[in-house]
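Written out below as structure tokens is the structure these notes cover.
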There are 2 protein chains.
Amino acid sequence: MQRKTIQRQIILDTLKNFSTHPTVDELYLEIQKIHPAISKTTIYRNLRQLAQGGEIGQVALTNDVERYDKRTEHHYHFQCKECKALFDVDVASIQGINEKVEEKHGFQVDEHNILFKGICLRCKKNQ
Amino acid sequence: MQRKTIQRQIILDTLKNFSTHPTVDELYLEIQKIHPAISKTTIYRNLRQLAQGGEIGQVALTNDVERYDKRTEHHYHFQCKECKALFDVDVASIQGINEKVEEKHGFQVDEHNILFKGICLRCKKNQ
DNA sequence: ATTTATGCAAATCATTTGCACATAG
DNA sequence: CTATGTGCAAATGATTTGCATAAAT
């Protein structure tokens, strides 16, 4: 049974206040302001637990540190190749593609994730 | 200027002989049979260089070790949540979705990757 | 001759683990 | 009470780096 600890509550609240997709370190820095004694290990453990329980999201990324997401509904992401910033993509999920892969290969397809890559507006401007 | 070394040639050949998407370690084990003195560092360096030069592919995965791919054309992948095995997905690339994201967000969208997840045939059978 | 590549050992860095202690239920 | 969570330090494990030597052009 999962317990309600001060630490877990702070971690959750802090993530909810981010508009971005923070890394563990970014969360750690914020959380320390409220709870200076917290251990990074605790943050790692709680984030994983919360993500597994579906209370928060975890961003599907390549070759990068973990990033968490307050949004839990399915959505895609865009990452800037220049500054590595991550953005939510507000385009409807592709319908029927999991089924298409199932038919083609016979796998049981539960989900899919899309990561778009390119150059963000800010970096485009600075070029 | 890139040079032609025995090591790079063996690394490339070994990857071409894989039907899967090997990790650096898997490649290392195979390569050692031909060139026992090779260093894993050399393998890391060459794979990265080859991938950057577009001679080989690198699989876009979440929270996993690097995996390389002899195929260089754009294609999607499926990963089994049970055994972690990776498969190529032979479904046509989605057309026009990069443009849709560009229109919606203004980013310059160069590429997208899809990773499907579920249970592979073998694991399905063993359940 | 000069530049690039190799191999080794050591460094990095994110994440995980073991363990003693604290705390929620 | 007793199961779960926390904090610390140490361990892990993949990848990278510094550097002297070797090989390619």
Side-chain angles (χ1 to χ4, degrees), chain A residues 1-15 18 20-69 79 84-86, chain B residues 1-15 18 20-69 79 84-86:
Chain A
M1 180 58 63
Q2 183 168 300
R3 292 179 182 176
K4 192 184 298 181
T5 63
I6 309 161
Q7 289 90 338
R8 176 168 305 133
Q9 198 52 52
I10 296 175
I11 291 167
L12 200 49
D13 290 347
T14 306
L15 175 59
F18 265 87
T20 56
H21 307 78
T23 62
V24 174
D25 256 326
E26 288 166 346
L27 283 163
Y28 180 54
L29 290 174
E30 276 309 303
I31 292 167
Q32 271 192 320
K33 296 178 185 168
I34 300 161
H35 190 315
I38 202 167
S39 158
K40 203 182 282 186
T41 305
T42 299
I43 301 182
Y44 270 105
R45 276 191 284 233
N46 278 291
L47 287 170
R48 184 160 26 135
Q49 194 179 209
L50 290 165
Q52 280 175 348
E55 295 182 71
I56 64 176
Q58 183 170 13
V59 184
L61 272 190
T62 317
N63 299 330
D64 202 352
V65 294
E66 292 178 358
R67 282 173 188 274
Y68 289 89
D69 196 336
Q79 186 167 36
K84 309 297 179 196
L86 244 206
Chain B
M1 180 57 64
Q2 183 168 301
R3 293 179 180 176
K4 192 183 298 180
T5 63
I6 309 161
Q7 288 90 337
R8 175 167 306 131
Q9 197 52 51
I10 294 175
I11 291 167
L12 200 49
D13 290 347
T14 306
L15 175 59
F18 265 87
T20 55
H21 307 78
T23 63
V24 174
D25 256 327
E26 288 167 346
L27 283 162
Y28 180 54
L29 290 174
E30 276 310 303
I31 292 166
Q32 272 191 321
K33 295 178 184 167
I34 299 161
H35 190 314
I38 202 168
S39 159
K40 204 183 280 187
T41 305
T42 299
I43 301 181
Y44 269 104
R45 276 191 285 235
N46 277 291
L47 288 170
R48 180 156 32 130
Q49 193 179 210
L50 290 164
Q52 281 176 347
E55 297 182 71
I56 64 175
Q58 183 170 14
V59 185
L61 273 191
T62 317
N63 299 332
D64 201 353
V65 294
E66 293 178 357
R67 283 173 187 274
Y68 288 89
D69 195 337
Q79 187 168 37
K84 308 298 178 196
L86 245 206

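Order of the sequence lines sets the chain letters (A, B, ...), proteins ahead of strands, with each chain counted from 1.
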Original post:
Could you give the distance from CG (A:L15) to CG (A:L50), rounded to the nearest 0.5 Å?
Top reply: 8.5 Å

Original post:
When the distance from CG of A:L50 to P of D:dT4 is rounded to whole Å, what number comes out?
Top reply: 17 Å

Original post:
Rounded to the nearest 0.5 Å, how far does CG of A:N46 lie from CD of A:Q9?
Top reply: 10.5 Å

**OP:** Can you tell me the distance, in whole Å, between the CD1 atom of B:I10 and the P atom of C:dA5?
**Re:** 16 Å

Subject >> Short side-chain to backbone donor-acceptor contact, A:E26 and A:T23, under 3.5 Å >> reply: yes

Original post:
When the distance from CD of A:Q49 to P of C:dT15 is rounded to whole Å, what number comes out?
Top reply: 17 Å

Subject >> Length of the line joining B:I11:CD1 and C:dA5:P, which is rounded to integer Å >> reply: 12 Å

Original post:
Does a nitrogen or oxygen in the side chain of A:Q7 sit under 4.0 Å from OP1 or OP2 of C:dT23?
Top reply: no

Subject >> For atom CD of A:Q52 and atom P of D:dG5, their distance in whole Å >> reply: 12 Å

Original post:
What string of B, S and - do you get for nucleotides 16-25 of chain D 5' to 3' if you count protein non-hydrogen atoms under 4.0 Å?
Top reply: BBB----BBS

**OP:** Please round to the nearest 0.5 Å and tell me the distance separating atom CG of A:L12 and atom CD of A:E55.
**Re:** 6.0 Å

**OP:** Kindly compute the distance separating OG1 (B:T14) from CG (B:L27), expressed to the nearest 0.5 Å.
**Re:** 7.0 Å

Subject >> Length of the line joining A:N46:CG and D:dT4:P, which is rounded to integer Å >> reply: 15 Å

Original post:
Which residue, B:D13, B:I10, B:T42, forms the side chain to side chain contact (heavy atoms under 4.5 Å, CB included) with B:I31?
Top reply: B:I10

Original post:
For D:dT6, does either OP1 or OP2 sit under 4.0 Å from a side-chain N or O belonging to A:S39?
Top reply: no

Original post:
In residues 28-36 of chain A, which ones come under 4.0 Å of DNA chain C, going by heavy atoms?
Top reply: none

Original post:
B:R67 side chain to B:V59 main-chain N or O, any donor-acceptor pair under 3.5 Å?
Top reply: no

Subject >> Reported NE2-to-CD1 distance for the pair B:H35 and B:I43, which is rounded to 0.5 angstrom >> reply: 9.5 Å

Original post:
Can you tell me if B:Q79 uses its side chain to pair, donor with acceptor, with the backbone of B:L86 under 3.5 Å?
Top reply: no

**OP:** Would you kindly give the CD1-to-P distance between A:I43 and D:dG7, to the nearest whole Å?
**Re:** 9 Å

**OP:** Mind calculating the distance between CD (A:Q9) and P (D:dG5) to the nearest angstrom?
**Re:** 14 Å

